[in-house]
Visitor: 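Take this structure first; my questions come after.
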Amino acid sequence: MTEMVRKITLSRAVRIMQNLFPEEYNFYPRSWILPDEFQLFVAQVRMVKDGDPSWKPTFIVKPDSGCQGDGIYLIKDPSDIRLAGTLQSRPAVVQEYICKPLLIDKLKFDIRLYVLLKSLEPLEIYIAKDGLSRFCTEPYQEPHPRNLHHIFMHLTNYSLNIHSGNFVHSDSTSTGSKRTFSSILCRLSSKGVDIKKVWSDIISLVIKTVIALTPELRVFYQSDIPAGRPGPTCFQILGFDILLMKNLKPILLEVNANPSMRIEHEQELSPGVFENVPSLVDEEVKVAVIRDTLRLMDPFKKKRENHFPDIYMDRKHRFPPVSDRMSSLKLQLSKLSIVRSQQLGKPLASKEEPPDSDLASASAGGASPEGHLPSICLKQVFPKYAKQFNYLRLVDRMANLFIRFLGIKGTMKLGPTGFRTFIRNCKLSSGSLSMAAVDILYIDITRRWNSMTVVHQDSGLRPGSSFGPRCTPSPVAWLFLRSHGWTTTRLAGLRGAAQPLSARKPRKPRKLLWTRRCWKQHTPIY
């Protein structure tokens with residue numbers, strides 16, 4: 001999971017979805033991956049500037065392996081000398097800088113929201129109802145060449161601003177350099193802002209981002225599971241860093257796989273002497289997230305519910321009415337006994353029904369173990385809102401196809417067994433496509449694929465690319481062509497653009513002999 005939310009991987013995943021659903025994924029800034037896309041970055045910036053001379057953008061460079069604000073800086077032009085230095089040292093992502101953020105007390109801030117990814121199959125997402133708002137420590141000004149190096153003005157990272165002399169540790173959740181997100185919402189609500197709309201946009205951003213990450217995550221998860229063993233039950237707490245623009249539109253900055261869960265900060269008592277002091281804001285948000293994550297992921301909860309169902313039911317359901325548990329004759333005798341005991345002035349001591357006081361004590365003693373805990377702070381957003389977002393899971397369906405195409409667990413390589421399994425699972429085998437023909441097809445595909453891989457590596461093209469004079473389809477495309485009437489011989493001799501079977505000249509059939517697990521050819525494939 002850590003690799004999946006690194007800056008380059010996250011950028012690639014979101015950009016794939018931006019190509020498919022540009023309107024739905026407009027919450028992520030335009031980005032380029034360095035050094036691979038440096039020339040593309042320079043060309044696109046130059047093209048936009050030529051079309052609009054008044055456009056004066058600012059870009060932020062984030063090292064892929066950086067954390068806590070390490071190595072982040074701002075530039076105004078791709079020709080910046082530090083950018084060239086970055087290309088030589090380590091990969092990075094360069095993004096268009098958001099120049100008009102929402103300000104509170106003239107300070108820029110971002111939001112850290114905690115998201116629980118409970119499971120991949122089925123996909124379950126929870127969002128904490130409260131988060132952290134981390135403030136810069138210098139009044140914000142739009143970037144210009146004279147203030148690009150003011151990190152306390154432009155970067156909201158707590159690990160950076162804590163070293164500023166203007167950083168304020170506060171015992172209140174609504175003041176200081178770190179506050180709760182709920183206090184920010186209350187302040188915005190007092191100014192007439194539609195808080196429900198803000199929360200709805202943030203929830204939509206989180207769900208769409210997770211949907212963009214899960215396809216590749218599921219493929220790697222599937223490949224790491226040993227063959228013949230059930231997959232482990234895993235979960236992950238993610239830290240989403242979100243920026244609100246001046247128009248209250250949320251912008252995704254990055255996702256952290258290992259967000260900090262510290263609930264204290266260092267305070268200098270005297271020169272060189274520090275003490276860990278609890279942070280009220282951190283404790284209020286983070287303790288609730290960890291506590292409720294463990295409550296949701298408790299592996300023994302279902303067992304307790306199955307073995308001790310009375311504990312997890314209210315009094316009304318634990319103790320059915322007497323009339324349901326007694327026959328009509330016994331019920332009449334019981335009523336008669338009650339009347340007689342009342343006439344004699346003696347209370348009835350029934351063995352079947354305990355007194356109300358005993359019921360109350362039993363109810364208190366047998367209450368749920370979570371009865372003394374506050375309500376869960378994690379809100380389920382998926383699959384609760386699945387109907388609104390299922391159409392975005394296109395790449396997820398492609399991942400399912402790839403997993404089925406892989407055939408077996410514990411590997412990322414497709415062997416002959418996995419190929420046969422895929423054919424069976426997809427019900428592609430028929431009278432015209434026997435399993436022997438499937439074996440021939442697998443050999444032809446792998447040989448042709450391996451040979452073309454070398455050719456394209458030499459020419460700088462990728463296999464399956466749509467560019468170049470000698471392009472070749474991907475393995476899935478080969479299977480698609482085979483299922484649409486292409487013979488194995490035609491597929492093996494395929495060069496350049498594909499042609500229908502009727503448009504090609506007939507070739508002499510090949511003579512093939514089956515010897516154990518391989519085919520020996522008497523005529524070459526050309």
Side-chain angles (χ1 to χ4, degrees), residues 1-31 33 93 95 111-129 131 197-225 231 233-244 249-259 289 293 296-297 378-406:
M1 189 67 193
T2 303
E3 294 295 328
M4 284 303 305
V5 297
R6 294 183 70 155
K7 297 176 179 64
I8 288 181
T9 312
L10 174 66
S11 181
R12 281 181 177 148
V14 176
R15 280 174 15 179
I16 289 174
M17 300 302 291
Q18 285 178 334
N19 292 333
L20 296 172
F21 307 98
E23 296 297 329
E24 299 289 346
Y25 282 82
N26 58 0
F27 56 81
Y28 192 68
R30 193 175 351 180
S31 59
I33 298 172
V93 171
Q95 293 180 329
I111 306 163
R112 164 62 63 85
L113 283 181
Y114 296 95
V115 176
L116 171 63
L117 185 58
K118 186 179 178 182
S119 68
L120 285 176
E121 190 61 41
L123 181 61
E124 291 188 54
I125 308 171
Y126 291 78
I127 298 181
K129 297 179 181 178
K197 176 67 166 55
V198 175
W199 255 119
S200 176
D201 293 341
I202 291 176
I203 291 174
S204 176
L205 179 150
V206 169
I207 294 176
K208 292 174 182 177
T209 303
V210 175
I211 287 177
L213 292 172
T214 49
E216 191 171 355
L217 184 62
R218 289 186 58 208
V219 170
F220 282 103
Y221 175 80
Q222 183 80 6
S223 66
D224 290 337
I225 298 175
T233 302
C234 303
F235 68 96
Q236 186 82 24
I237 299 177
L238 302 173
F240 276 68
D241 293 343
I242 300 171
L243 180 73
L244 288 179
K249 177 183 177 180
I251 299 294
L252 176 65
L253 300 180
E254 60 182 52
V255 180
N256 296 274
N258 298 304
V289 170
T293 297
L296 287 172
M297 300 304 302
L378 296 172
K379 175 184 178 182
Q380 187 191 72
V381 296
F382 200 94
K384 182 178 181 180
Y385 304 122
K387 292 182 179 180
Q388 303 177 25
F389 299 96
N390 270 337
Y391 73 99
L392 298 174
R393 304 186 70 181
L394 176 62
V395 182
D396 212 12
R397 297 184 184 96
M398 297 172 63
N400 289 334
L401 179 63
F402 179 81
I403 292 173
R404 296 195 70 179
F405 188 81
L406 200 60

Visitor: Are the side chains of Ser11 and Tyr28 in contact, using a 4.5 Å heavy-atom criterion?
Guide: yes

Visitor: Please identify each residue that fulfils side chain to side chain donor-acceptor pair (under 3.5 Å) with Lys208, with sequence neighbours left out.
Guide: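 Scan of Lys208 (side chain to side chain donor-acceptor pair (under 3.5 Å), adjacent residues dropped) gives Glu24, Ser204.
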
Visitor: Arg112 and Gly239: which non-hydrogen atoms are nearest, and at how many Å?
Guide: CD-CA, 3.7 Å

Visitor: Within the distance-only criterion (no hydrogens, no angle test), does the side chain of Gln236 pair as donor or acceptor with the backbone N or O of Ala257 below 3.5 angstrom?
Guide: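 Indeed, once roles are kept as given, a pair shorter than 3.5 Å links the two residues.
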
Visitor: Can you spot which of Leu252, Val381, Leu113 makes a side-chain contact (heavy atoms from CB on, under 4.5 Å) with Ile202?
Guide: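 Per the side-chain contact (heavy atoms from CB on, under 4.5 Å) rule, the option paired with Ile202 is Leu113, out of Leu252, Val381, Leu113.
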
Visitor: Please name the pair of heavy atoms, one in Ala212 and one in Ala13, separated by the smallest distance, quoted to 0.1 Å.
Guide: O-CB, 3.6 Å

Visitor: Do Asp396 and Arg218 meet the salt-bridge criterion of a basic N to acidic O distance under 4.0 Å?
Guide: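 A salt bridge is present here (some side-chain N lies under 4.0 Å from a carboxylate O).
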
Visitor: Is any side-chain heavy atom of Ile125 less than 4.5 Å from a side-chain heavy atom of Tyr385?
Guide: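 Sidechains of Tyr385 and Ile125: no contact.
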
Visitor: Only counting residues at least two apart or in another chain, list the ones meeting side chain to side chain donor-acceptor pair (under 3.5 Å) with Tyr126.
Guide: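 Tyr126 satisfies side chain to side chain donor-acceptor pair (under 3.5 Å) with Gln380 only.
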
Visitor: Is there a donor-acceptor pair closer than 3.5 Å between any side-chain N or O of Thr214 and the backbone N or O of Leu217?
Guide: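 No: the side chain of Thr214 does not pair with the backbone of Leu217.
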
Visitor: Can you find a pair of side-chain heavy atoms, one from Ile111 and one from Leu243, that are under 4.5 Å apart?
Guide: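 Ile111 does not reach Leu243 side chain to side chain.
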
Visitor: Is there a side-chain contact between Glu124 and Leu117, using heavy atoms and a 4.5 Å cut-off?
Guide: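 In short, these two side chains do not touch, never coming nearer than 4.5 Å.
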
Visitor: Looking only at heavy atoms, what is the nearest atom pair of Leu123 and Phe382, with distance?
Guide: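 Closest pair (atom of Leu123, atom of Phe382, distance): O-CD2, 3.3 Å.
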
Visitor: Quick check for you: to the nearest 0.5 Å, what is the distance between Arg393 atom CZ and Met398 atom CE?
Guide: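 One gets 14.5 Å once the value is rounded to the nearest 0.5 Å.
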
Visitor: Give the intermediate values and the outcome of side chain to side chain contact (heavy atoms under 4.5 Å, CB included) for residues Phe235 and Thr293.
Guide: CA-CA 9 Å; Phe235 68 96; Thr293 297; 3.6 Å; yes

Visitor: Over all heavy atoms of both residues, which pair between Ser31 and Arg15 is shortest? Give the atoms and the distance, please.
Guide: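 Minimum heavy-atom separation between Ser31 and Arg15: O-NH1, 3.2 Å.
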
Visitor: If you measure from CD1 on Ile251 to CD on Gln95, what distance do you get to the nearest 0.5 Å?
Guide: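 It comes to 10.0 Å.
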
Visitor: Where do Met17 and Val395 come nearest, in terms of heavy atoms and distance?
Guide: SD-CG2, 3.7 Å

Visitor: With the side chain counted from C-beta on, respond yes when Leu213 and Leu10 share a heavy-atom pair under 4.5 Å apart, and no when they do not.
Guide: yes

Visitor: Between atom CG of Leu116 and atom NZ of Lys379, what is the distance when rounded to the nearest 0.5 Å?
Guide: 15.0 Å

Visitor: Let me confirm one number: the CG-CD distance from Asp241 to Glu254, rounded to the nearest 0.5 Å.
Guide: 5.0 Å

Visitor: Hey, are the side chains of Leu238 and Tyr114 touching, using non-hydrogen atoms and a 4.5 Å cut-off?
Guide: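 No - every pair of side-chain heavy atoms lies 4.5 Å or more apart.
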
Visitor: Is the ring centre of Phe27 less than 6.0 Å from the ring centre of Tyr25?
Guide: yes

Visitor: Heavy atoms, side chains only, cut-off 4.5 Å: are Ile242 and Leu253 in contact?
Guide: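 A side-chain contact is absent here, since even the closest heavy-atom pair is not under 4.5 Å.
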
Visitor: Hey, are the side chains of Ile33 and Lys7 touching, using non-hydrogen atoms and a 4.5 Å cut-off?
Guide: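 Of all side-chain heavy-atom pairs linking Lys7 with Ile33, none is under 4.5 Å.
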
